[in-house]
Amino acid sequence: MFKLMELEWRKLKQKMVIGEMIIYLGILMFLPVFFIKMVMADFGQNYSAVIQLIVSIQLGFVLFGASLINQVFIEEYKNKTISLSFGYPISRKKLVMAKILFISLAVFLCTLVSFVLTGLATYLIDQVFDIINGQPTAADFAAYFSKMIVHSFITALISLIPLFFFGIWKRATIPTVICAIFLMQFQNFSSLINITLDPALVNAVLCLLGFVSVYLSIKMIDTVGDI
């Protein structure tokens, strides 16, 4: 399985993917401080509020997942190069599973790195410019570490929601991206129409949808995955 995942990386436009990763990481590193200073100072009341802000903006990597779905699945279908993979003496389900694991692992690791870099950048900038009230406590560090692991996994799973319908079935790039943007901003959309949603419940439902998308992608690849 690892060799199949490594093969997926080799088939990608690596320079473009790395450049995209750097852009995401660079923006998200400084976004919390910018948001506090320019948009909503309430998030600077304490480090607990900042942690919630950082957690929410890491959903930006759902869009990175959509980009990988486009390259790993949609472009291969459109260019007919996926027929080479399906010609290997390996079942389609195993190949699709390797592709999904590659996408989810890439999103998970990038989100994890982003959490670390964003946390460090926010803390260091605060030490210089005193943007956030107070100092982080041991409880804040513990909460941040646990959220970093859990929400990196959540982000990776949510990023797979567009996979089955838009990636494998419809093979449509733009709807895949639009779906990812909607998922990133879902809780913000709900606030615009005055609906209060429990973030934990929202994440649970979205993770379930991601799991269903993965299950259908693997289960039905022989029927909807024809070239």
Side-chain angles (χ1 to χ4, degrees), residues 1-26 28 58-117 149 151-180 183-184 207 209-227:
M1 187 63 71
F2 178 78
K3 290 183 177 180
L4 290 174
M5 294 169 63
E6 184 180 8
L7 179 62
E8 292 302 324
W9 167 245
R10 290 179 180 177
K11 289 191 295 183
L12 290 181
K13 300 171 184 176
Q14 295 179 8
K15 290 183 179 180
M16 186 175 76
V17 173
I18 292 173
E20 188 176 349
M21 288 166 51
I22 292 172
I23 291 173
Y24 278 112
L25 292 171
L28 295 183
Q58 298 308 319
L59 280 174
F61 279 98
V62 171
L63 191 58
F64 179 58
S67 175
L68 290 177
I69 289 173
N70 179 52
Q71 291 195 52
V72 173
F73 283 96
I74 299 174
E75 285 190 4
E76 285 203 7
Y77 272 113
K78 290 182 176 180
N79 298 332
K80 307 295 184 181
T81 53
I82 201 167
S83 60
L84 296 175
S85 299
F86 286 164
Y88 297 156
I90 303 173
S91 70
R92 285 189 181 188
K93 291 181 179 180
K94 187 173 182 178
L95 287 170
V96 169
M97 191 180 300
K99 289 175 179 288
I100 292 172
L101 286 173
F102 171 76
I103 294 172
S104 57
L105 182 61
V107 174
F108 175 82
L109 291 178
C110 286
T111 307
L112 202 64
V113 171
S114 181
F115 262 108
V116 173
L117 295 179
I149 302 298
H151 283 272
S152 293
F153 176 79
I154 289 173
T155 302
L157 199 50
I158 292 175
S159 71
L160 296 171
I161 291 177
L163 174 61
F164 174 69
F165 188 76
F166 295 118
I168 294 178
W169 192 353
K170 296 299 183 180
R171 303 163 194 175
T173 300
I174 294 177
T176 299
V177 173
I178 293 175
C179 179
L183 293 170
M184 287 164 48
C207 285
L209 290 176
F211 177 80
V212 170
S213 178
V214 170
Y215 174 79
L216 292 175
S217 298
I218 297 172
K219 182 72 174 178
M220 302 184 66
I221 189 62
D222 291 326
T223 54
V224 301
D226 291 334
I227 302 167

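The structure presented is a predicted model; accordingly, all values stated were derived computationally and were not measured.
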Under the salt bridge (charged side-chain N to carboxylate O under 4.0 Å, His left out) rule, what pairs show up with a residue in residues 156-167, not counting sequence neighbours? none
Residues Val96 and Ser217: closest non-hydrogen pair is CG1-O, 4.0 Å
Residues that Phe108 engages under ring pair (Phe, Tyr, Trp, His ring centres under 6.0 Å), provided they are two or more places apart: none
Between Gln58 and Thr111, is a side-chain hydrogen bond (donor to acceptor under 3.5 Å, both in side chains) present by the stated rule, with each step listed? CA-CA 6 Å; Gln58 298 308 319; Thr111 307; 5.8 Å; no
Who are the ring pair (Phe, Tyr, Trp, His ring centres under 6.0 Å) partners of Phe102, not counting sequence neighbours? none
Applying side-chain hydrogen bond (donor to acceptor under 3.5 Å, both in side chains), can you list everything that pairs with Ser213, at least two apart in sequence or on another chain? none
Residues forming a ring pair (Phe, Tyr, Trp, His ring centres under 6.0 Å) with Trp9, sequence neighbours excluded: none
What one should report as the nearest heavy-atom pair of Pro162 and Thr176 is CB-CG2, 4.0 Å
Kindly write out the residues that satisfy side-chain hydrogen bond (donor to acceptor under 3.5 Å, both in side chains) with Lys11, not counting sequence neighbours, or none if the list is empty. Glu8, Glu76, Ser85
Give the intermediate values and the outcome of side chain to side chain contact (heavy atoms under 4.5 Å, CB included) for residues Phe64 and Cys110. CA-CA 9 Å; Phe64 179 58; Cys110 286; 3.8 Å; yes
Looking at Val212, Leu183, Val214, which hits side chain to side chain contact (heavy atoms under 4.5 Å, CB included) with Ile161? Leu183
Scan for side chain to side chain donor-acceptor pair (under 3.5 Å) pairs involving residues 154-167, sequence neighbours excluded, and state none if there are none. none
Residue set satisfying side-chain hydrogen bond (donor to acceptor under 3.5 Å, both in side chains) with Ser104, at least two apart, ordered chain then number -> none
With a 4.5 Å heavy-atom cut-off, do Leu109 and Phe61 have their side chains touching? no
Can you sort out the partners of Lys94 under salt bridge (charged side-chain N to carboxylate O under 4.0 Å, His left out), two or more places apart, ordered by chain and number? none
Ile149 vs Leu112 side-chain heavy atoms within contact, under 4.5 Å: yes
When rounded to the nearest 0.5 angstrom, what distance separates CG in Leu95 from CD1 in Ile100? 11.0 Å
Just wondering, do Asp222 and Lys93 contact through their side chains at under 4.5 Å, heavy atoms? yes
I'd like to check Phe166 versus Ile69 (side-chain heavy atoms, cut-off strictly below 4.5 Å). Are they in contact? no
Rounded to the nearest 0.5 Å, how far does NZ of Lys78 lie from CG of Asn70? 7.0 Å
Ring pair (Phe, Tyr, Trp, His ring centres under 6.0 Å) against Phe164, all qualifying residues, sequence neighbours excluded: Trp169
For a quick test of reading the model, state the closest non-hydrogen atom pair linking Arg92 to Ile221 and the distance between them. NH1-O, 3.6 Å
Partners meeting salt bridge (charged side-chain N to carboxylate O under 4.0 Å, His left out) with Glu20 (sequence neighbours left out): none
Residues in side chain to side chain contact (heavy atoms under 4.5 Å, CB included) contact with Lys170, at least two apart in sequence or another chain: Phe165, Ala172
